[in-house]
Number of protein chains: 2
Amino acid sequence: MNLKELSKQLGLSQTTVSRAINGYPEVSLATRNRVQDAARKFGYSPNVRAKGLATGRSLAIGHVVSVSQTHEMMNPVFGDFIAGAGDVYARHGYEMILSVVYDNTEEEVYRNHKRRGTVDGVIVHGPLIQEPRIDLLNELGLPYAVHGRSSGHSGPYTWLDVNNRSSFRRATSFLLDLGHQRLGLINGLEAMDFAARRRDGFEDAHKDHALALDPALLYSGEMTEGYGYRAASEMLSMDTPPTGFLISSMISAIGARRAIEERGLKMGRDVSIVTHDDALSYLENGSSVPIFTAVRSSVRDAGRQLAEMLIAKVSGTETQIKTALLEAQLVVGNSTGPMRPPLRKTHT
Amino acid sequence: MNLKELSKQLGLSQTTVSRAINGYPEVSLATRNRVQDAARKFGYSPNVRAKGLATGRSLAIGHVVSVSQTHEMMNPVFGDFIAGAGDVYARHGYEMILSVVYDNTEEEVYRNHKRRGTVDGVIVHGPLIQEPRIDLLNELGLPYAVHGRSSGHSGPYTWLDVNNRSSFRRATSFLLDLGHQRLGLINGLEAMDFAARRRDGFEDAHKDHALALDPALLYSGEMTEGYGYRAASEMLSMDTPPTGFLISSMISAIGARRAIEERGLKMGRDVSIVTHDDALSYLENGSSVPIFTAVRSSVRDAGRQLAEMLIAKVSGTETQIKTALLEAQLVVGNSTGPMRPPLRKTHT
DNA sequence: GCGTTAATTCAAAGCGCTTTGGTAAATGAT
DNA sequence: ATCATTTACCAAAGCGCTTTGAATTAACGC
């Protein structure tokens, strides 16, 4: 059933039917109801391509997920982010269009979106400190919203971010206050803006406590379980191993826990861990008491909020550039405890 | 730049330019090249909506991800699946359209896709034993391909599945052959087809070994880390606890490991685990020697293959109904070992 | 009762593409 | 040289919608 047929059924013009369906005022209440009832009855919905062609908009938002070339890694955070965003899109009648790129060719995807008019706007995931995508999108005139920020960019743009620096500063201070003096950082790739900020927070806290930090305890890599394991293992094998870790992801924290337990040590007693927790649905961090002490911020909520922001932008509801800075929650769980007398080096 | 402008530039008709771009034969090689060069030079790509409207196709494939209502869980497997599928779509010039539904209203999404012509076909994720979506899609005449199977369905349809039954039969036999006699199953929700098949495989192996299985050791739930932990904890607290577990997901296996270690037991020595491993990118199961003995099958490859199958179908390349049954690999890691004398019940 | 305004409705153009049904020129067969 | 093909191109229709500009009717003021 298309508009033509429906209007024939109703004995009305296409114009009127179209207007009735889209809620324009210049149609009487009676006919509006009649039209809407009929649409429901015949199961009519406007063809999305025809509508898009006529309006020049696509009612779609693009996401491009870049699979890291090094380890072909798909960021686990992505799933929950789109679970949040998708919900919002659906509510506003938008589609989500996902592109997967394997070799950092996101720019080509944006160019294509613009040229072919596939989407009305895009979400930028995982911004780097120096982020060429932002310049490109500005240049193209394709509306966008960034999940995170790019420190290398001064100009205003729409973004939503967790306050990574302050949350890692607080998390680090929490361990230092417990008496820990040597802390390891197991961070994400530090070309990424969020990771750089977390590192800054880590350093801030050391400065606050007038403590020097050992560069040998700064690890940065792709946040897999295995990376957490390897980084923690290496540090725990040092002559004076750290007594606490700050970790940028629950997945890596799980790996670090494995390294700790493999050595016969106990997490929370011998070695403390504070991790960032994105509140992923399949990694609930404990039911009553959290397994990991964590700075927590729901990435699904972030998805929801950022989607709202972008839709407001592309639909013209909001013309000002908005930003949002979320403060993470520091939740105390079983992975942290006070500093204990220095560990004897265990021979593995 | 649109077709009209481009053809004006070239002094050709829109017809010829369109044909040159789409590779139709009735245009001379000389003009074809001239057109394609010009298209590149001016950065022209056909508007996707206009093209869709004219051809009646959308060059898009729909995925609908259903966030479980119970725990608002986003299936972690999903990310890697679409990483595989998206790659294939891009190569074939298709878009991926993702819909998120929170309350199992997938059917409405399919109906909308059909009515509004948003997609040319859909991938069905996570089929149940009794799967109403398949009937609906047949009825709607919307092409589809199923990731998994639905036992309740006899009619032919396009699917790709891992041989879950045989892989769990082999995995279970592996433990039984090691002398284990009491095995726990930590399965996914058994309304889901894959989980039911895995349970069948678990039972098969017991029959093969002429062993009765204890219904108290059959757990089924949403495969989170926490669920793995709770299920394993409960079973390990029994008077005669199992000495081995079969687990349907690495995430739950990680939870089970936590339960084991919390009791001061050692995985692979005191308690064995065989898990299903979807080869998720951020959960690499060990580098040289796997952490977990596992039946492994890359869900990303599955995404690739199924995407190819569906595209062949919707593009009319392939008219026959194809299916694919993948055999999982049994990889032996550090989480399994021979049965040891019965455990003293440890008081926790 | 008549001009004016507001409330409804409509016909037709246009969005940017593909494709049908041609035509004109070039080629081939006889 | 003539007719039948083939080759290379084109004008125009149509995909299903929105929207402009106009027309009709109803309501209103005096």
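Every value quoted in this text rests on a predicted model; they were computed, and no experiment measured them. Letters A, B, ... are given to chains in the order of the sequence lines, protein chains preceding strands, and every chain is numbered from 1.
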One pair to check against side-chain contact (heavy atoms from CB on, under 4.5 Å): A/Asn112 and A/Thr118. What are the steps and the verdict? CA-CA 8 Å; A/Asn112 277 329; A/Thr118 352; 5.8 Å; no
Side chains of A/His147 and A/Val299 in contact at under 4.5 Å (non-hydrogen atoms): yes
My understanding is that only residues two or more places apart in sequence, or in another chain, count here; which of them pass side chain to side chain donor-acceptor pair (under 3.5 Å) with A/Thr319? none
When the nearest nucleotide of DNA chain C is assigned to B/Tyr24 and to A/Glu26 on a heavy-atom basis, which residue is associated with the more 5' position? A/Glu26
A/Glu131 side chain vs A/Leu128 backbone, donor-acceptor pair below 3.5 Å: yes
Do you see a donor-acceptor pair shorter than 3.5 Å between the side chains of A/Tyr144 and A/Asn138? yes
Does B/Asp80 use its side chain to pair, donor to acceptor, with the backbone of B/Ser281 at less than 3.5 Å? yes
Whether A/Gln36 side chain and A/Asn33 backbone form a donor-acceptor pair below 3.5 Å: no
Five-pair end axes of the helix from C/dG1-D/dC30 to C/dT30-D/dA1, angle between them (10°): 40°
So the salt bridge (Lys or Arg N to Asp or Glu O under 4.0 Å) pairs with at least one residue in residues 39-62 of chain A (sequence neighbours excluded) are A/Asp37-A/Arg40
Starting from the C-alpha separation in whole Å, work towards a yes-or-no answer on side-chain contact (heavy atoms from CB on, under 4.5 Å) for B/Asp120 and B/Tyr94. CA-CA 10 Å; B/Asp120 293 337; B/Tyr94 276 71; 3.9 Å; yes
Which of parallel (below 30°), tilted (30 to 60°) and perpendicular (above 60°) describes B/Phe78 and B/His63? perpendicular
Judged by nearest nucleotide, the residue sitting upstream toward the 5' end of DNA chain D, B/Ala50 or B/Leu29, is B/Leu29
Backbone N or O of B/Glu108 within a donor-acceptor pair of the B/Thr105 side chain at under 3.5 Å? no
Nearest-nucleotide 5' precedence on DNA chain D, B/Leu53 against B/Val27: B/Val27
Does this structure show an ion pair linking B/Arg149 with B/Asp193, if we count only N-O contacts that are shorter than 4.0 Å? no
With the criterion being N/O to N/O and under 3.5 Å, what pairs connect the protein with nucleotides 22-28 of chain C, and how long is each?
none

Earliest and latest nucleotide of DNA chain D, 5' to 3', sitting under 4.0 Å from a non-hydrogen atom of chain B? D/dA8 to D/dG16
Got a sec? Which of residues 7-17 of chain A come in under 4.0 Å of DNA chain C, heavy atoms? A/Gly11, A/Leu12, A/Ser13, A/Thr15, A/Thr16
Side-chain donor/acceptor of B/Ser58 to backbone N/O of B/Gly52, under 3.5 Å: no
